[in-house]
S.K.: 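Supplied in structure tokens, the structure appears directly below.
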Amino acid sequence: MKIAVVGAGAIGGYLGARLALAGEQVTFIARRKNLEAINAHGFRLILEDGSLAHARDVRAVERYADAGPQDAVLLTVKAHQVRDLLPDLRALFGPQTMVVTMINGVPWWYFHKLAGPYEGRGLDSVDPGGAIAAHIEPERIIGSVVYPAAELVEPGVVRVIEGNRFTLGEPDGSRSERIEALSQAMIRAGFKAPVSKDIRGEIWVKLWGNLSFNPISALTHATLEDICRFPPTRALAARMMAEAQQVAEALGVRFKIGLEQRIAGAEAVGAHKTSMLQDVEAGRALELEALVGAVVELGRITGVPTPTIEAIYAAVQLLQRTLQAQHGRLQIQPLA
């Protein structure tokens with residue numbers, strides 16, 4: 001397959017390097033030092049056991065048009081960065097190109113092919129004015145949930161911390177030929193890539209933790225372990241998750257695990273700083289809308305009250321504004 005990885009950071013690098021080593025034709029969309037490093041040395045992975053995997057047969061380009069039409073485009077940027085890719089992203093599209101959204105939070109296409117009263121509706125929180133939907137045809141979309149943890153330690157070098165699972169799903173729950181081909185390509189590369197009949201349910205299980213632990217950690221500078229072991233913040237996270245569960249169930253989602261089980265899973269991760277806390281400390285823009293604002297919007301759409309989530313959302317909005325005032329315009333993390 002011809003595969004373009006848009007965002008050659010930790011997850012994008014992990015995916016692209018493994019896919020290239022399995023024989024797929026991989027092109028990274030990259031910039032600056034990452035672009036130079038990939039073209040000079042390929043992409044290197046430091047695996048969980050400390051061994052090194054070196055994908056030499058990859059290329060990187062800065063201009064999307066230099067990559068040309070692809071079979072699949074893996075979007076591995078943060079949710080708020082997708083708008084910055086438009087309209088250049090379309091240079092990667094051919095008639096059958098898949099766009100695989102490997103992004104945290106509620107995706108802009110959430111209501112595409114979701115049977116029921118909200119089918120086809122947009123979400124202003126993650127796609128104001130519908131700009132993303134206007135540039136990326138919904139028929140191209142493949143949903144995905146990213147479970148691994150990795151870090152870009154230097155240009156063209158990613159350390160894999162743990163995990164190799166990327167759940168895939170068609171928005172309508174079908175098991176299409178294209179998603180089977182993508183799944184098999186990822187499996188050949190050494191990933192677990194199950195095809196889910198309910199990708200939104202999978203999205204909510206991960207979002208359940210992200211919408212609570214991420215903003216609480218941003219406000220308190222506490223790790224997952226700290227939040228879960230301090231009774232007041234554990235109870236706060238549980239209230240946020242309970243409200244979110246009501247929203248999700250109003251949209252037809254049924255959770256396969258219990259709330260306490262999900263909190264226990266977060267606690268077991270240990271003294272880990274969430275991505276939102278890391279962004280606060282680094283002065284980067286926060287993934288606030290996709291992780292929290294979208295849940296508030298979905299609550300309003302479904303008529304489900306979300307008072308606790310809204311209170312934390314307001315506090316983190318102010319935090320972001322305060323940081324911006326202190327440090328100037330928040331750094332928008334560059335597309336690697």
S.K.: For residues Gln70 and Thr97, is any side-chain donor paired with an opposing acceptor at under 3.5 Å?
M.R.: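 Their side chains do not contain a donor-acceptor pair, so the 3.5 Å distance test is not met.
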S.K.: May I ask you to decide if Ala131's main-chain N or O and His135's side chain share a donor-acceptor pair within less than 3.5 Å?
M.R.: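 Indeed, once roles are kept as given, a pair shorter than 3.5 Å links the two residues.
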S.K.: Identify the two heavy atoms, one from Val316 and one from Met276, that lie closest to each other, and give their separation to 0.1 Å.
M.R.: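 What the structure gives for the nearest pair is CG1-SD, 4.3 Å.
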S.K.: Less than 4.5 Å apart, side chain to side chain, heavy atoms only: is that true for Val158 and Glu151?
M.R.: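 No; the side chains remain at least 4.5 Å from each other.
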S.K.: Grouping I, L, V, M, F, W and Y whenever their side-chain heavy atoms are under 4.5 Å apart, do Val269 and Ile161 come out in a common cluster?
M.R.: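 No, because Val269 and Ile161 fall into different hydrophobic clusters, even though each may have its own neighbours under 4.5 Å.
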S.K.: Is a salt bridge present between Arg31 and Glu62, judged by a nitrogen-to-oxygen distance below 4.0 Å?
M.R.: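 Glu62 and Arg31: not salt-bridged.
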S.K.: Quick check: closest heavy atoms across Val100 and Ser144, and the distance to 0.1 Å?
M.R.: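 Heavy atoms of Val100 and Ser144 come nearest at CG1-CB, 4.0 Å.
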S.K.: Does Thr306 use its side chain to pair, donor to acceptor, with the backbone of Ile309 at less than 3.5 Å?
M.R.: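 No, because the side chain of Thr306 does not come within donor-acceptor range (under 3.5 Å) of the backbone of Ile309.
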S.K.: Is any NZ, NE, NH1 or NH2 atom of the basic residue among Glu225 and Arg229 found under 4.0 Å from an Asp or Glu carboxylate oxygen of the other?
M.R.: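 Looking at Glu225 and Arg229, the cut-off is met.
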S.K.: Does some side-chain heavy atom of Val146 sit less than 4.5 Å from a side-chain heavy atom of Lys206?
M.R.: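 Answer yes - side chains close enough.
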S.K.: State, with a plain yes or no, whether a side-chain heavy atom of Glu154 is found less than 4.5 Å away from one of Val157.
M.R.: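 The answer is yes, as the side chains (C-beta and beyond) meet within the 4.5 Å cut-off.
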S.K.: Does anything in residues 111-127 pair up under side chain to side chain donor-acceptor pair (under 3.5 Å), and if so which pairs, sequence neighbours excluded?
M.R.: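 Of all non-adjacent pairs touching residues 111-127, those that pass side chain to side chain donor-acceptor pair (under 3.5 Å) are Ser125-Glu297.
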S.K.: Could you walk me through whether Arg63 and Asp88 pass the salt bridge (Lys or Arg N to Asp or Glu O under 4.0 Å) check?
M.R.: CA-CA 8 Å; Arg63 294 178 65 250; Asp88 295 342; over 6 Å; no
S.K.: Using a strict cut-off of less than 4.0 Å between a Lys/Arg side-chain nitrogen and an Asp/Glu carboxylate oxygen, indicate whether Lys197 and Glu202 qualify as a salt bridge.
M.R.: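 Salt bridge absent between Lys197 and Glu202.
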S.K.: Could you grab the distance from atom CG of Asp57 to atom CG of Leu21, nearest 0.5 Å is fine?
M.R.: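 Asp57 CG to Leu21 CG: 9.5 Å, rounded to 0.5 Å.
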S.K.: Should Val6 and Leu74 count as side-chain neighbours, where that means a heavy-atom distance under 4.5 Å?
M.R.: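 The answer is no; the side chains never approach within 4.5 Å.
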S.K.: Do Glu137 and Arg140 meet the salt-bridge criterion of a basic N to acidic O distance under 4.0 Å?
M.R.: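 Salt bridge flag = yes for Glu137 with Arg140.
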S.K.: Do Gln245 and Glu249 have side-chain atoms, one donor and one acceptor, less than 3.5 Å apart?
M.R.: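 Gln245 vs Glu249: donor-acceptor pair found between side chains.
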S.K.: Distance check, rounded to the nearest 0.5 Å: Thr223 atom OG1 versus Glu267 atom CD?
M.R.: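 These two atoms lie 10.0 Å from each other.
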S.K.: Is the positively charged end of Arg200 above the ring of Tyr110, judged by distance under 6.0 angstrom from the centroid and angle within 45° of the axis?
M.R.: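 Pair Arg200/Tyr110 counts as cation-pi.
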S.K.: Atom CG of Leu251 and atom CG of Leu114: how far apart are they, to the nearest 0.5 Å?
M.R.: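 Between Leu251 CG and Leu114 CG, I get 7.0 Å after rounding to 0.5 Å.
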S.K.: Would you give me the side-chain donor-acceptor pairs under 3.5 Å for residues 181-192, sequence neighbours excluded?
M.R.:
from: Ser183; atom 1: OG; to: Ala193; atom 2: O; distance (Å): 2.7
from: Arg188; atom 1: NH2; to: Glu24; atom 2: OE2; distance (Å): 3.1

S.K.: Where do Leu224 and Ala266 come nearest, in terms of heavy atoms and distance?
M.R.: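 Nearest heavy atoms, Leu224 then Ala266: CB-O, 3.7 Å.
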S.K.: So which atom in Ala37 and which in Gly156 form the shortest heavy-atom distance, rounded to 0.1 Å?
M.R.: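 Looks like CB-N, 4.2 Å.
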S.K.: Hydrophobic cluster membership, with links at side-chain heavy-atom distances under 4.5 Å among I/L/V/M/F/W/Y: are Val145 and Val295 in one?
M.R.: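 Per the 4.5 Å side-chain linkage, Val145 and Val295 are co-clustered.
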S.K.: State, with a plain yes or no, whether a side-chain heavy atom of Val73 is found less than 4.5 Å away from one of Tyr64.
M.R.: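 With C-beta onward as the side chain, the pair stays apart.
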S.K.: With a 4.5 Å heavy-atom cut-off, do Ile227 and Arg234 have their side chains touching?
M.R.: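 They are not in contact (no side-chain heavy atoms under 4.5 Å apart), so the answer is no.
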S.K.: For Gln25, is there any backbone N or O sitting under 3.5 Å from a side-chain donor or acceptor partner on Arg59?
M.R.: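 Between the backbone of Gln25 and the side chain of Arg59 there is no qualifying donor-acceptor contact (under 3.5 Å).
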S.K.: Is the closest basic N to carboxylate O distance between Arg175 and Glu170 below 4.0 Å?
M.R.: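 Here Arg175 does not pair with Glu170 in a salt bridge, since their nearest N and O are not under 4.0 Å apart.
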S.K.: Please assess Ser174 against Asp172 for the test side-chain hydrogen bond (donor to acceptor under 3.5 Å, both in side chains), listing each intermediate value before the final yes or no.
M.R.: CA-CA 6 Å; Ser174 64; Asp172 65 358; 2.8 Å; yes
S.K.: Kindly give the heavy-atom pair with the smallest separation between Leu75 and Ile103, and that separation in Å.
M.R.: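 Closest approach of Leu75 to Ile103, heavy atoms only: O-CG1, 3.7 Å.
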S.K.: So, are Asp198 and Arg254 salt-bridged, with charged N and O less than 4.0 Å apart?
M.R.: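 So Asp198 does not pair with Arg254 through a salt bridge.
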S.K.: Report yes if the side chains of Gln96 and Asp71 come closer than 4.5 Å at any heavy-atom pair, otherwise no.
M.R.: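 No, every pair of side-chain atoms sits at 4.5 Å or beyond.
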S.K.: Between Phe28 and Phe43, is the ring centroid distance below 6.0 Å?
M.R.: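 Phe28 vs Phe43: aromatic centres under 6.0 Å.
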S.K.: I want to check something: taking the side chain as every heavy atom from C-beta on, are Ile312 and Leu236 in contact at a cut-off of under 4.5 Å?
M.R.: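 Ile312 vs Leu236: side chains touch.
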S.K.: Same hydrophobic cluster for Leu219 and Leu318, using side-chain heavy-atom links shorter than 4.5 Å among ILVMFWY?
M.R.: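 No, because Leu219 and Leu318 fall into different hydrophobic clusters, even though each may have its own neighbours under 4.5 Å.
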S.K.: How far does NZ of Lys2 sit from OG1 of Thr27, to the nearest 0.5 angstrom?
M.R.: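 It comes to 7.0 Å.
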S.K.: Taking all non-hydrogen atoms of both residues, which atom of Tyr14 and which atom of Leu45 are closest, and how far apart?
M.R.: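 Here Tyr14 and Leu45 meet closest at CA-CD2, 3.8 Å.
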